[in-house]
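Read the numbers this way: they start at 1 and go in the same order the structure lists the ligands and their atoms. Owing to the predicted nature of the structure, the values given are computational and were not obtained by experimental measurement.
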Amino acid sequence: LKMLSLRVPTPTSFDFRRYQAGDLERRWRLSRDSFLSFSPKFEENRGFRFGVKSSKSDVSFTAAEEEETLPEELHAELMPKHVAIIMDGNGRWAKNRGLQPWDGHRAGVEALKEIVELCGKWGIQVLTVFAFSTDNWIRPRIEIDFLFSLFERSLKTEFQNLAKNNVRISIIGDSSKLPKSLLRVINEVEEVTKNNTRLQLIVAVGYSGKYDVLQACRGIARRVKDGEIEVEEIDERLIEEELETNCTEFPYPDLLIRTSGELRVSNFLLWQLAYTELFFAQELWPDFGRSGFIEALMSFQQRQRRFGGRKS
Ligand code: FPP
């Protein structure tokens, strides 16, 4: 159990403020420009927030975020380094509520935000999510256009926050058919966050495992044609270098989660999943949340990974 202590001055005043979904945050003002606060959300994580006012906004250090001990069901030393997620079930979630598929995708973004935050807090280093498959191009144009504009808006609105929280964003997939405005945002976000180290969020857009292997084959063939390498030199390491997951230090997910009860890999990462542990959750993606994530991680931590070897 991590202990954290802070020496703080005696509170000078108390105030309350509402934030996000109407949760009441209690604030103890410590001095003109600092405060200590508790809110239901932070209490759930057994945390508190210490803030300093700046001219633009409150700059706050959330002890819960920086120091949050893992939920007691989980073991820090057994946490996966790389988690991949197929966020399935947005359409059904919307349909169950008499809503349109895009309402489901909007709820899907909110669900993703929570999981990204938890990955950052719990020491997971890479999170790869399947946002749009090359196979999704056959969906109605109106849904595709909505998805792209949702990605663009989400990246624009969330990226400052992600950048501030030391999250690096990388996008993988065939970008040739993506709208120009989305491409511009992607390039900017990748560039601005490239040196961030807390969590790498890899978003697969216009991606499929077969596409990735295919483009890697082309890359290798070009290198052979240019006389840079001999055919005999082609090995696993070289293929690894050409796959789009070369954007990360940890290209092989330890755990793949798919929501909504479907038991398929659906052309997501293929080469990279060779020894990945699989977890299939019944919940639709917008309902998965913290409890679903804890359950998936608990299941992962109970597995014995042998990578083809014998039980020691
Ligand atoms: C699958 O649900 C989900 C998708 C095809 C899109 C997932 C995208 C998001 C959650 C948004 C991510 C946003 C960013 C910024 C990365 P489905 O429509 O196939 O569900 P169904 O099987 O119930 O129809």
Side-chain angles (χ1 to χ4, degrees), residues 83-120 126-163 165 167-175 177-179 181-190 192-193 199-209 211 247 256-269 280-289 292-293:
V83 175
I85 307 185
I86 301 177
M87 308 175 289
D88 197 11
N90 293 345
R92 276 161 285 167
W93 182 92
K95 197 168 179 199
N96 293 343
R97 287 165 173 73
L99 303 170
Q100 297 295 333
W102 35 91
D103 296 311
H105 297 318
R106 218 180 269 127
V109 172
E110 293 308 309
L112 176 58
K113 274 165 35 185
E114 183 181 14
I115 299 301
V116 169
E117 204 175 303
L118 293 176
C119 286
V126 185
L127 173 68
T128 302
V129 294
F130 208 8
F132 189 82
S133 160
T134 46
D135 307 316
N136 289 146
W137 281 109
I138 55 171
R139 291 201 177 195
R141 191 69 226 182
I142 185 170
E143 184 179 349
I144 294 177
D145 288 344
F146 178 86
L147 271 171
F148 289 155
S149 79
L150 181 68
F151 296 156
E152 194 176 320
R153 266 181 289 132
S154 307
L155 285 173
K156 275 185 186 155
T157 56
E158 290 307 318
F159 115 84
Q160 300 285 4
N161 193 26
L162 291 168
N165 282 291
V167 177
R168 175 180 173 196
I169 305 168
S170 307
I171 315 283
I172 55 171
D174 178 3
S175 57
K177 286 195 277 175
L178 300 184
S181 56
L182 174 58
L183 277 175
R184 272 195 298 276
V185 178
I186 288 176
N187 290 337
E188 189 193 340
V189 162
E190 285 189 322
V192 172
T193 63
L199 168 72
Q200 184 175 13
L201 171 63
I202 304 178
V203 185
V205 183
Y207 182 87
S208 74
Y211 150 82
C247 64
L256 170 76
I257 299 169
R258 181 176 187 148
T259 56
S260 91
E262 308 287 355
L263 308 178
R264 293 186 290 276
V265 173
S266 294
N267 209 353
F268 191 22
L269 303 160
F280 298 99
Q282 285 306 315
E283 296 94 342
L284 304 174
W285 172 246
D287 295 329
F288 181 64
F293 198 33

Next on the checklist: Could you check whether any heavy atom of A131 sits closer than 4.0 Å to an atom of ligand 1, since that is the contact criterion I want to use?
Outcome noted: yes
Next on the checklist: With a sphere of 6.0 Å drawn around CG of L99, does it hold more than 12 non-hydrogen atoms of other residues, nucleotides or ligands?
Outcome noted: yes
of all protein heavy atoms, closest to atom 15 (C) of ligand 1 is S154 CB, 3.6 Å
Under 4.0 Å from one or more heavy atoms of V109, ligand 1 contributes atoms 11 (C), 13 (C)
Among non-hydrogen protein atoms, atom 24 (O) of ligand 1 lies closest to G91 CA, 3.5 Å
Atom 22 (O) of ligand 1: closest protein heavy atom, distance to 0.1 Å, is R92 NH2, 2.9 Å
When distances are taken from atom 1 (C) of ligand 1, the protein heavy atom at minimum range is M87 O, 3.3 Å
Next item on the list: Look at the aromatic rings of Y207 and Y211 and report parallel, tilted or perpendicular, splitting at 30° and 60°.
Entry: perpendicular
Original post:
Among the heavy atoms of R139, does any lie under 4.0 Å from an atom of ligand 1?
Top reply: yes
Looking only at heavy atoms, the pair that brings T259 and E283 closest together is CB-O, 3.2 Å
Practice item. Answer yes or no: is there an ion pair linking R184 with E188, defined by an N-O contact shorter than 4.0 Å? Key: no
Verdict with reasoning, D88 to F130, per side-chain contact (heavy atoms from CB on, under 4.5 Å)
CA-CA 9 Å; D88 197 11; F130 208 8; over 6 Å; no
Near G89 (heavy-atom distance under 4.0 Å), the atoms of ligand 1 are 2 (O), 20 (O), 21 (P), 23 (O)
| message | Is there a side-chain contact (heavy atoms from CB on, under 4.5 Å) between D103 and Q100? Walk through the geometry before answering. | response | CA-CA 5 Å; D103 296 311; Q100 297 295 333; 3.6 Å; yes
of all protein heavy atoms, closest to atom 10 (C) of ligand 1 is N90 ND2, 3.4 Å
Quick look: V203 vs ligand 1, heavy-atom contacts under 4.0 Å, and the answer is side chain
So the atoms of ligand 1 within less than 4.0 Å of a heavy atom of G108 turn out to be 10 (C)
For L112, the atoms of ligand 1 under 4.0 Å from one of its heavy atoms are 16 (C)
Is it true that L155 lies under 4.0 Å from ligand 1, counting heavy atoms only? no
Requested in this report: Can you establish whether the number of heavy atoms outside I138 located under 6.0 Å from its atom CD1 is more than 12?
Outcome: no
Here the pair of heavy atoms bringing L127 nearest to L199 is N-CD1, 4.1 Å
protein heavy-atom neighbour closest to atom 4 (C) of ligand 1 works out as H105 CE1, 3.8 Å
- Short N/O distance, under 3.5 Å, between W93 and ligand 1? no
Ranked by distance from atom 12 (C) of ligand 1, the top protein heavy atom is F151 CE2, 3.8 Å
Check: Just checking, R141 and F148: is the charged tip under 6.0 Å from the six-membered ring centre and within 45° of the axis?
Finding: no
I'd like to check whether D88 has a polar contact with ligand 1, where a contact means an N/O of the residue lying under 3.5 Å from an N/O of the ligand.
yes
For L256 and I86, the nearest pair of non-hydrogen atoms, with its separation, is CD1-CG1, 4.1 Å
Closest non-hydrogen atoms of G89 and L284, given as atom of the first, atom of the second and distance, are O-CB, 3.7 Å
